[in-house]
There are 2 protein chains.
Amino acid sequence: MAVSLKDIAERAGVSLATVSNVVNGYRPVGERTRQRVQQAVDELGYSPNLGARHLRRGRTGLIALAVPELNNPYFAELAEIAISEAAALGYTLVMENTAADRDAELALLGGSRRHIIDGLILSPVRIGREEVLSRTAGSPLVLIGEGVYDVPHDHIAIDNVAASHAAIQHLVAIGRRRIAFIGATPGGDRQSAHLRVRGYREALAAAGLPYRPRLVARTDAFGRPDGMRAMRELLALGDPPDAVFAYNDLVAIGALRALTEAGHRVPRDVAVVGIDDIEEGRFSTPTLTTIAPDKREIGRLAVRRLIARIEGTQVAAPLTVQTPFRLVRRESTGTAGE
Amino acid sequence: MAVSLKDIAERAGVSLATVSNVVNGYRPVGERTRQRVQQAVDELGYSPNLGARHLRRGRTGLIALAVPELNNPYFAELAEIAISEAAALGYTLVMENTAADRDAELALLGGSRRHIIDGLILSPVRIGREEVLSRTAGSPLVLIGEGVYDVPHDHIAIDNVAASHAAIQHLVAIGRRRIAFIGATPGGDRQSAHLRVRGYREALAAAGLPYRPRLVARTDAFGRPDGMRAMRELLALGDPPDAVFAYNDLVAIGALRALTEAGHRVPRDVAVVGIDDIEEGRFSTPTLTTIAPDKREIGRLAVRRLIARIEGTQVAAPLTVQTPFRLVRRESTGTAGE
DNA sequence: GCGCGACTCTATAACGTTATACAGACGATG
DNA sequence: CATCGTCTGTATAACGTTATAGAGTCGCGC
């Protein structure tokens, strides 16, 4: 079971160090010995003990991706991309679930996994700039999502304000005037929800539409039930909206369901736009118009940048990258004909 | 940054071994020294280096959950449960994605992660009994899902045949006669798809309905697009079905979409039943009737059993556990009134 | 024939932890 | 007063790896 370098060394009749050199290619080894060692490795089925290697090298080969909800399809899709990118670069990516819990985010930031993990990709939702700044330097950190800016770490995000603009402009272009927003959060001011609200307000202004605070619905979380609840509240308003822009696709799908149950037609009575472009929105009834971030780009960039930091090949200043997005029109805002 | 036992020992003026004993409570330590050591630990913010501990103890405290698709909500929901259960027991669970790839499953079985992981929970889809049997004993293994039986490992699953029965009986009870199945796989004979087909056939027979091979649709995978494609094929048949039982909820949702696009009414023209009870099915239009496995039970049981094996407290014979399920009626088979 | 670099390979000291064996002090016991 | 056990604490050898320093051997130029 436990076959170690020592076993190989004995079998091949060479020293420990030589085997190590063959396995790692760290130093040149004569062709004859190399072959003998390689044969022993194959025969005994040796694989290096990563724990020991870590202890010696100070690196584990593990990186973590910490997200606020594992079963938000957006993060699941992102994770799948990140995992394969990490694998391609020789790292193993482990998922960590913060459950949108402030303490969990702080613990990760503080290095609770410090000895296990070479670096961390974090999607923060409950912590802000100060908390990140107060981090006592640990392993490399890459931020994704839009919560925190102006910190000395790499940061990958879409331009939330611009994304909101695009959504609102689209709704205005199809003739909507009373446009609601679902998914504002009570606290947090550099949070992405806040940014999306800001984009919403700016775009309304640009279109010459009034900003009606009653059309901005708060939610505690960002799941389907939250969208459904908020939509019901909006419908209970004396003068309900004729369009809804949701914090994300899950919220939008909750809203869709509330509309259907209440007997409203989508998009005729109310048009709906989400963000994330999860697969579910391509199969819902009606299908969901959405702002599609480039998940592939986000996942790959985050992993590459983190690994570059870990390996120290790139000591350049931290960079904030804004990845592209596009508007995907589907039934919930009327297809071509409508 | 790197504060080790040695630093604590110096600070507290005791030996390395004593600090270790305080930290682990392995041996009694005098009250006075204990306090001095504890204080040093707190002041310097020591946390043990898990790699080194592993090297010494032979355990990492990591367990893996390997699933065929990370972004199938069923597995995402299961993962969330398993992660918190593992955390409660002092383990960290890492997700592994086999991508329904035979080689990936074999690699895990063969112990590709052997040095990193204390144990593995695997949901196999491409390998069968023989492959599992040929495993050269490695770390403990718990199987979930329904692919493989009669192997010397713990195995947690629902009774697929019984689940299929329940679904078909329900469809028969609401008056359906031409019931299709979507999600048969070409190969594999102990695979869960096969078992579900068997339950489908048996239940048809029990209800006195004929088995029509043309109503069994094959799919390459088990996602929304597969369900959609298969449903279209069924609709193209001269005499289409009046009900569909799908391999899982995702496939069912794909079928739902195909039906909607083709202008069929659900459940009036065609009723649909899935398996998994993912949240998406509670918000789809129409909402989806489904066989709901007890995900909480599955996740917790799998983790507990694996950890019991790892810690050797339970050397009893491997056990196959069938967890309960129930039928959840929703709109896709007609609600109470229909 | 001697010195020197180039080329292979080896011996060994870490990395941070835990388990084992042992040492010293102190009462109690014969 | 010798003997024994108990109670604390320490020294040290692993665990499997890699990096460093160094030891041979060979060929080549002077």
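Each chain gets a letter, A, B and so on, in the order the sequences are listed, and its residues count up from 1. Computed from a predicted model, the values in this text were never measured in an experiment. Every heavy atom of this structure was used, including side-chain atoms; hydrogens, water molecules and symmetry mates were not.
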Q: Could you say whether A/Leu5 or B/Glu31 is positioned toward the 5' end of DNA chain D, judged by the nucleotide with the nearest heavy atom to each?
A: B/Glu31
Q) Please give, in whole Å, the distance from C/dG16 P to B/Glu10 CD? A) 12 Å
Q. Any side-chain donor-acceptor pair under 3.5 Å between B/Gln35 and B/Gln39?
A. no
Q. When you check the phosphate oxygens OP1 and OP2 of D/dT10, does a side-chain N or O of B/Thr18 lie under 4.0 Å from one of them?
A. yes
Q) Rounded to the Å, how far apart are B/His54 NE2 and D/dT17 P? A) 11 Å
Q) Could you state the NE2-C1' distance from B/His115 to D/dC15, rounded to the nearest angstrom? A) 12 Å
Q.
Can you tell me which nucleotide in D/dA11, C/dA13, C/dT10 comes closest to the side chain of A/Arg56?
A. C/dA13
Q: Salt-bridge test for B/Glu105 and B/Arg126: reply yes if a basic N is under 4.0 Å from a carboxylate O, no otherwise.
A: no
Q: Give the minimum heavy-atom separation between A/Glu80 and B/Asn71, together with the two atoms involved.
A: OE1-ND2, 2.9 Å
**Q.** Given C/dT10, D/dA11, D/dG16, the nucleotide with the shortest approach to the side chain of A/Leu55
**A.** D/dG16
Q.
Looking at every heavy atom in both B/Val67 and B/Ser123, which two are closest together, and how far apart are they?
A. CA-CB, 4.4 Å
(Q) So, OP1 or OP2 of D/dT8: does either fall under 4.0 Å of a side-chain N or O from B/Tyr26? (A) no
Q. Cut-off 3.5 Å, side chains only: do B/Asp118 and B/Thr60 have a donor facing an acceptor?
A. yes
Q. Is any side-chain N or O of B/Asn24 closer than 4.0 Å to OP1 or OP2 of C/dT18?
A. yes
Q) Of the nucleotides C/dT17, D/dT18, D/dG16, which has the atom closest to the A/Arg53 side chain? A) D/dT18
Q: Pick base, sugar-phosphate or nothing for B/Ser4, based on heavy-atom distances below 4.0 Å to the nucleic acid.
A: sugar-phosphate
Q. Between B/Val29 and B/Arg57, which is nearer to the 5' end of DNA chain D once each is assigned its nearest nucleotide?
A. B/Val29
Q. Counting side-chain heavy atoms from CB outward, which of C/dT12, C/dT8, C/dA21 is closest to B/Arg27?
A. C/dA21
Q: Give a yes/no answer on whether the side chain of B/Ser20 brings an N or O atom under 4.0 Å of OP1 or OP2 in C/dA19.
A: no
Q.
Looking only at the side chain of B/Leu16 (C-beta and beyond, no hydrogens), which of the listed nucleotides D/dT8, D/dG16, C/dT17 gets closest?
A. C/dT17
Q: Between D/dT10, C/dT10, D/dT17, spot the one nearest the side chain of B/Ser15, thanks.
A: D/dT10
Q | Value rounded to 0.5 Å, distance of CG in B/Leu306 from OH in B/Tyr91 | A | 8.0 Å
Q: Starting from P on C/dG16, measure out to CG on B/Asp7 and report it in whole angstrom.
A: 8 Å
Q: Send over the distance from B/Asn21 CG to D/dT12 C1', rounded to a whole Å.
A: 14 Å
Q | Out of C/dT20, D/dG16, C/dT8, whichever nucleotide has its closest atom nearest the side chain of A/Pro28 | A | C/dT8
**Q.** Nearest-Å distance for atom pair NZ/P, residues B/Lys6 and C/dT18
**A.** 16 Å
Q: Could you tell me the separation between the CG atom of B/Asn49 and the P atom of C/dT18, rounded to a whole number of Å?
A: 10 Å
Q) Taking the side chain of B/Thr33 as heavy atoms from C-beta outward, which of C/dT17, D/dT8, D/dT10 is closest to it? A) D/dT8
